[in-house]
Number of protein chains: 2
Amino acid sequence: MDIRERILQAAARVYAQHGFRGATTRLIAIEAGVNEVSLFRTFGSKAALFEAMMQSHSASLPVPELPERPVDPQAELIPWCSLLLAHMRQWRSIIRKSFGELEERPEAAVVMCEGPNCAALALTAYVTRLQAAGLADETADVSTAVSMFISSMFGDAVGRDVLPPDAFPQPVEDAPAKYVNVFLRAVGALGVGDVVPLRAAQTADDRRAVAQ
Amino acid sequence: MDIRERILQAAARVYAQHGFRGATTRLIAIEAGVNEVSLFRTFGSKAALFEAMMQSHSASLPVPELPERPVDPQAELIPWCSLLLAHMRQWRSIIRKSFGELEERPEAAVVMCEGPNCAALALTAYVTRLQAAGLADETADVSTAVSMFISSMFGDAVGRDVLPPDAFPQPVEDAPAKYVNVFLRAVGALGVGDVVPLRAAQTADDRRAVAQ
DNA sequence: GCTGAATGCAAGTAGTTACTTGCTTTCAAC
DNA sequence: GTTGAAAGCAAGTAACTACTTGCATTCAGC
């Protein structure tokens with residue numbers, strides 16, 4: 001790995017831990033295992049380094065896909081939700097810092113929104129397909145329900161490891177299933193009185209993300 | 001207002017704008033209109049000042065109340081939701097900063113959670129009363145629905161002014177009604193196919209909070 | 001009018017920060 | 001073996017940080 005990439009990755013790690021002001025060029029250089037001077041020779045300034053870091057990280061957004069022809073909403077959404085949560089949890093530290101510094105460095109907003117926004121579009125389209133197939137209520141406020149669902153995923157991913165446990169009554173492993181079930185009820189895709197089995201869909205990624 | 005209170009309020013304003021590291025004692029002193037030395041004479045150190053600030057702000061949590069005997073869930077929840085949003089928006093800047101710095105200064109977590117946690121308890125109890133009165137589905141996952149609702153309020157209050165507008169498809173004035181309606185559907189308090197009129201409940205506080 | 005506590009002011013300390021300069025080392029390409 | 005670009009290293013700069021010291025000013029209570 002070349003020096004530029006090493007510095008970029010080190011910067012991301014240090015930034016996630018300390019934020020912009022706390023991520024000193026000295027710390028980043030040590031973390032990257034390079035000389036501090038090399039950092040300035042490569043990027044010119046700390047601000048330029050962070051701009052490059054944000055751009056390089058916006059490339060990676062592998063949001064999971066939802067089936068074109070929905071059959072079993074629960075079975076299809078729960079794993080999707082698990083993956084989404086795991087994906088968001090990967091970036092939770094960076095997201096928290098960037099969010100707090102959005103007023104000073106607004107360029108982080110686009111990077112931060114890409115993932116959730118993408119997920120929201122996919123989910124909205126999916127529910128529209130559910131409606132077309134007669135599997136969801138046509139009168140439901142899909143846009144609002146999706147927005148609330150994404151907010152909840154965001155909140156869980158970003159808050160669970162730093163907030164007191166009573167802020168998230170659902171245990172991690174049950175959370176995706178519970179979130180999905182509530183969402184499906186909200187869009188009328190789960191009849192009132194339906195048996196709502198708890199399908200825990202915890203992936204290996206999930207466990208790893210939580211454990212770290 | 002005595003000097004102690006003036007410094008505390010100035011510290012809160014500067015902290016909301018710049019975060020802990022960015023809130024220099026010099027800036028706080030200027031904002032408070034006092035000498036920097038007086039700051040150290042009053043609080044001893046910057047850390048002690050911020051501890052005092054957090055404690056003094058935890059006192060103010062006037063979460064609105066919900067009726068003991070529910071009659072019209074929509075009519076009762078929408079204004080409650082408006083107030084909750086307005087209350088959270090008041091602290092959005094401070095919340096954003098504290099959230100990003102939770103790993104370094106976890107004592108902010110309790111202060112930050114008190115409001116939402118309190119609201120969650122009130123809402124849960126209210127829905128339980130709805131269920132008892134036959135106004136909500138007994139099989140609904142109330143705890144998860146409430147948790148998702150509070151997350152959504154949190155996300156709206158803290159994100160709307162710094163995220164791109166497409167992150168929040170509902171205009172501010174319609175948001176409380178839409179959120180409440182989706183929530184009520186999720187707990188089976190709004191029959192499928194019910195006419196769901198949009199009751200905008202924008203208070204004066206609300207408008208002021210958004211405008212600022 | 002005097003005292004004493006609260007506050008302001010000017011100056012200074014020691015540490016940290018981003019960033020620079022000048023020089024040496026490494027090492028692959030020719 | 002020589003060259004040249006990339007990297008390391010030691011040292012330094014100027015600005016800023018939290019925090020201190022010593023002294024002058026204000027002003028309410030006696």
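Quick caveat: nothing in here was measured; it's all calculated off a predicted structure. Order of the sequence lines fixes the chain letters, A, B, ..., with proteins taken first and strands second; residue numbering starts at 1 for each chain.
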Residues that E103(A) engages under salt bridge (Lys or Arg N to Asp or Glu O under 4.0 Å), provided they are two or more places apart |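 Salt bridge (Lys or Arg N to Asp or Glu O under 4.0 Å) check on E103(A) returns R96(B).
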For [X] and [N], give me the distance from atom [atom1] to atom [atom2], rounded to whole Å.
{"X": "I7(B)", "N": "dA18(D)", "atom1": "CD1", "atom2": "P", "value": "14 Å"}
{"X": "H18(B)", "N": "dT17(D)", "atom1": "NE2", "atom2": "C1'", "value": "15 Å"}
{"X": "I30(A)", "N": "dG8(D)", "atom1": "CD1", "atom2": "C1'", "value": "15 Å"}
{"X": "E36(A)", "N": "dG12(D)", "atom1": "CD", "atom2": "P", "value": "16 Å"}
{"X": "D2(B)", "N": "dA28(D)", "atom1": "CG", "atom2": "P", "value": "16 Å"}

Of the residues in residues 39-48 of chain A, which ones touch DNA chain C at a heavy-atom distance under 4.0 Å?
->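 Within this stretch, F40(A), S45(A), K46(A) sit under 4.0 Å of the strand.
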Residues forming a ring-ring contact (aromatic ring centres under 6.0 Å, His included) with [X], sequence neighbours excluded:
{"X": "Y179(B)", "value": "none"}
{"X": "F43(A)", "value": "none"}
{"X": "F154(B)", "value": "none"}

For the residue pair M112(A) and S98(A), what are the closest heavy atoms and their distance?
-> SD-CB, 4.0 Å
Classify the nucleic acid contact of V34(B) as base, sugar-phosphate or nothing, counting any heavy atom under 4.0 Å across all strands shown.
-> sugar-phosphate
Tell me every residue that passes side-chain hydrogen bond (donor to acceptor under 3.5 Å, both in side chains) with [X], counting only those two or more places apart in sequence or in another chain.
{"X": "R13(A)", "result": "E31(A)"}
{"X": "R4(A)", "result": "none"}
{"X": "E104(B)", "result": "K97(A), R21(B)"}

What are the 5'-most and 3'-most nucleotides of DNA chain C lying under 4.0 Å from any heavy atom of chain A?
->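 Contacts span dT17(C) to dT21(C), reading 5' to 3'.
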